[in-house]
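Notes for the one structure printed next.
Throughout, protein chains are lettered first and strands after them, A, B, ... in sequence-line order, and every chain is numbered starting at 1. Since the structure is predicted, the reported quantities are computational estimates derived from the model, not experimental observations. What's counted below: heavy atoms across the whole structure, side chains too, no hydrogens, waters or symmetry copies.
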There are 2 protein chains.
Amino acid sequence: MQAGYAGRSRAPLSTERVLGAAVALADEGGVDALSMRRIAQSLGVVPMALYKHVANKNELLDGMIDAVVREIDPPARDTDWKTTVRGRVLSARRMLLRHPWAAQVIESRVKARTTPTPAVMEYLDSMIGVFRDGGFSLDLVHHALHVMGSRLLGFSQELFEDTPSRPGADREPDPDAMSPEAMAARYPHVAALAMAVTHDTDSVVGSGCDDQFEFEFALDLTLDGLERLLRTP
Amino acid sequence: MQAGYAGRSRAPLSTERVLGAAVALADEGGVDALSMRRIAQSLGVVPMALYKHVANKNELLDGMIDAVVREIDPPARDTDWKTTVRGRVLSARRMLLRHPWAAQVIESRVKARTTPTPAVMEYLDSMIGVFRDGGFSLDLVHHALHVMGSRLLGFSQELFEDTPSRPGADREPDPDAMSPEAMAARYPHVAALAMAVTHDTDSVVGSGCDDQFEFEFALDLTLDGLERLLRTP
DNA sequence: ACCTGAACACCGTTCAAGT
DNA sequence: ACCTGAACACCGTTCAAGT
């Protein structure tokens, strides 16, 4: 029935339009309100049409993550590391406040994937670069990332973990996985840090990081800071 | 068909048995594998039978949260605040490692409810007590909780927020909400902290806390700690 | 009064039938 | 070759029919 046509736009569908509609829907109603059928409806399109532009819902979520992570301001130039990190983390926080679903989705997808999405990797890579330029050793940068913890991007722990967080369920195989060499070229700071931590030139991201040690290191730094506050009011 | 009976146990159903089966299922397969139908199946029971013991799935999730949060060790006695907080946070971490779904579920439920679940409230209340006994002012305890951030219980931010995190969706009304007086009696440290922060005797939990300020306070304490590390290797 | 099967209104995704 | 409706295997939850 031609008269019943309810399409919101005659513009042809694209991955960008699908992701944009998905982000808008999640901003409005939270991630629970997000469904393939509902996104299609908001675009005036039949549900199956979405599958031409995203392989499945998980890939859609990954695309949404990248879209919002790219909203975070790039690191400021020509100032000290502390000001730069501070400004960037506050920019990340503003993004997370604009998109209240993002922290949770990023965390759950980071856990399910073997590697974070490209925009998250870029964010981390440039953040590591800021610390390095500020004079931090690779080891100290590693500690610093753990200390920043959830303030870095909303999720709490363990970006690169050896063991999947759910013992039974394996991580999803990455559909377009990069070679270690390609990874190292694209994310040089991440690669340098991973190699320094693992002392293993083969794997760029494969952890080797002692999570328990890092957790306690961060916890103690925090407690020391609180103790200092307590003593000098 | 009597021969086809596949019940795992003849013991009568109870809220405890339902929650136990749910936790076991989530531990095995993650929160995505958790469904009312699947829990019922694992108990050898028809799905509808669960609804005698939990009102709905959200209440089930709340019950699961309380069950695992109660696994966290109580605060150690007869030692300084720092050792006590450290030990307890590490105990919380061990719980979160045993139940990889917990951090995410706690975070999402904390955002959806007006008040955290009872066990979470008790955990916070006793943790505030430890800081108070250690000589922290109420204001300093408040800062401290924000500084601890996700290390406290896995979730990243804002236990008591004025505005629901999803602008459109209202928070669920608490089915068995307590009166402010009952809350204050049950969670005295939380109540004292809330009143000190809001300067409003009427509401025990209603925030009034400047989240942006607290975030920056915690961030700066962290950055100061890192700067100190950088200067004195 | 209690219990429960069928039903309802949803999901994500497959697949074959239509153009 | 492309697009898409119907279908499949799930959800959480309601409700009326059965005991």
Side-chain angles (χ1 to χ4, degrees), chain A residues 1-2 4-15 17-19 21-22 25-26 28-65 101 104-105 108-109 112-113 169 172-173 175, chain B residues 1-2 4-15 17-19 21-22 25-26 28-65 101 104-105 108-109 112-113 169 172-173 175:
Chain A
M1 43 176 91
Q2 210 160 318
Y5 177 71
R8 294 282 171 81
S9 164
R10 271 146 193 102
L13 225 51
S14 67
T15 308
R17 292 222 316 135
V18 171
L19 293 179
L25 227 57
E28 277 168 40
V31 76
D32 288 347
L34 196 74
S35 76
M36 300 299 275
R37 286 165 140 101
R38 206 126 32 169
I39 297 163
Q41 195 188 349
S42 88
L43 287 164
V45 136
V46 81
M48 287 310 97
L50 302 179
Y51 286 81
K52 278 274 113 75
H53 302 95
V54 289
N56 50 47
K57 197 180 183 184
N58 280 338
E59 199 185 82
L60 173 97
L61 291 173
D62 290 339
M64 292 170 67
I65 289 171
W101 49 270
Q104 203 164 159
V105 172
S108 74
R109 292 300 302 150
R113 291 172 57 101
E172 298 159 15
Chain B
M1 43 177 93
Q2 209 160 317
Y5 177 72
R8 294 280 171 84
S9 164
R10 272 148 192 100
L13 225 52
S14 67
T15 309
R17 292 223 316 135
V18 171
L19 294 179
L25 225 58
E28 276 169 40
V31 76
D32 287 346
L34 196 73
S35 76
M36 299 300 276
R37 286 164 140 103
R38 204 125 32 167
I39 297 163
Q41 195 188 349
S42 88
L43 287 164
V45 135
V46 81
M48 286 311 97
L50 303 180
Y51 286 81
K52 278 273 113 75
H53 302 95
V54 289
N56 51 47
K57 196 180 184 185
N58 280 338
E59 199 185 80
L60 174 97
L61 291 174
D62 291 339
M64 293 169 67
I65 290 172
W101 49 270
Q104 204 164 158
V105 172
S108 74
R109 292 301 301 150
R113 290 172 58 100
E172 299 159 13

### Separation between the P atoms of D:dC8 and C:dG18, rounded to whole Å
16 Å
### Query
Along DNA chain C, 5' to 3', what are the outermost nucleotides having an atom less than 4.0 Å from a heavy atom of chain A?
C:dC11 to C:dT14
### Message
Measuring only between side-chain heavy atoms, which start at C-beta, is B:Met36 closer than 4.5 Å to B:Pro47?
### Response
no
### Query
Can you name the closest pair of heavy atoms from B:Ile39 and B:Val18 and give their distance?
CG2-O, 4.2 Å
### Stepwise side chain to side chain contact (heavy atoms under 4.5 Å, CB included) check, B:Leu43 with B:Leu50
CA-CA 10 Å; B:Leu43 287 164; B:Leu50 303 180; 4.1 Å; yes
### Message
Is there a side chain to side chain contact (heavy atoms under 4.5 Å, CB included) between B:Arg113 and B:Asp62? Walk through the geometry before answering.
### Response
CA-CA 10 Å; B:Arg113 290 172 58 100; B:Asp62 291 339; 2.8 Å; yes
### Stem list, DNA chain D (Watson-Crick or G-U pairing under 3.5 Å, at least 3 consecutive pairs)
C:4-8 with D:12-16, C:12-16 with D:4-8
### Close side-chain approach of B:Leu13 to B:Lys52, heavy-atom, < 4.5 Å
no
### Query
For A:Asn56, what residues pass the side chain to side chain contact (heavy atoms under 4.5 Å, CB included) criterion, not counting sequence neighbours?
A:Asn58, A:Glu59
#### Entry: Rounded distance (nearest 0.5 Å) linking atom CG of B:Leu34 with atom CD of B:Glu28
11.0 Å
### Message
Taking any heavy-atom pair under 4.0 Å as a contact, classify B:Met48: base, sugar-phosphate, or nothing.
### Response
base
### Query
How far does CE of B:Met64 sit from CG of B:Leu25, to the nearest 0.5 angstrom?
8.0 Å
### Query
Between A:Arg37 and A:Lys52, who's closer to the 5' end of DNA chain D by nearest nucleotide?
A:Lys52
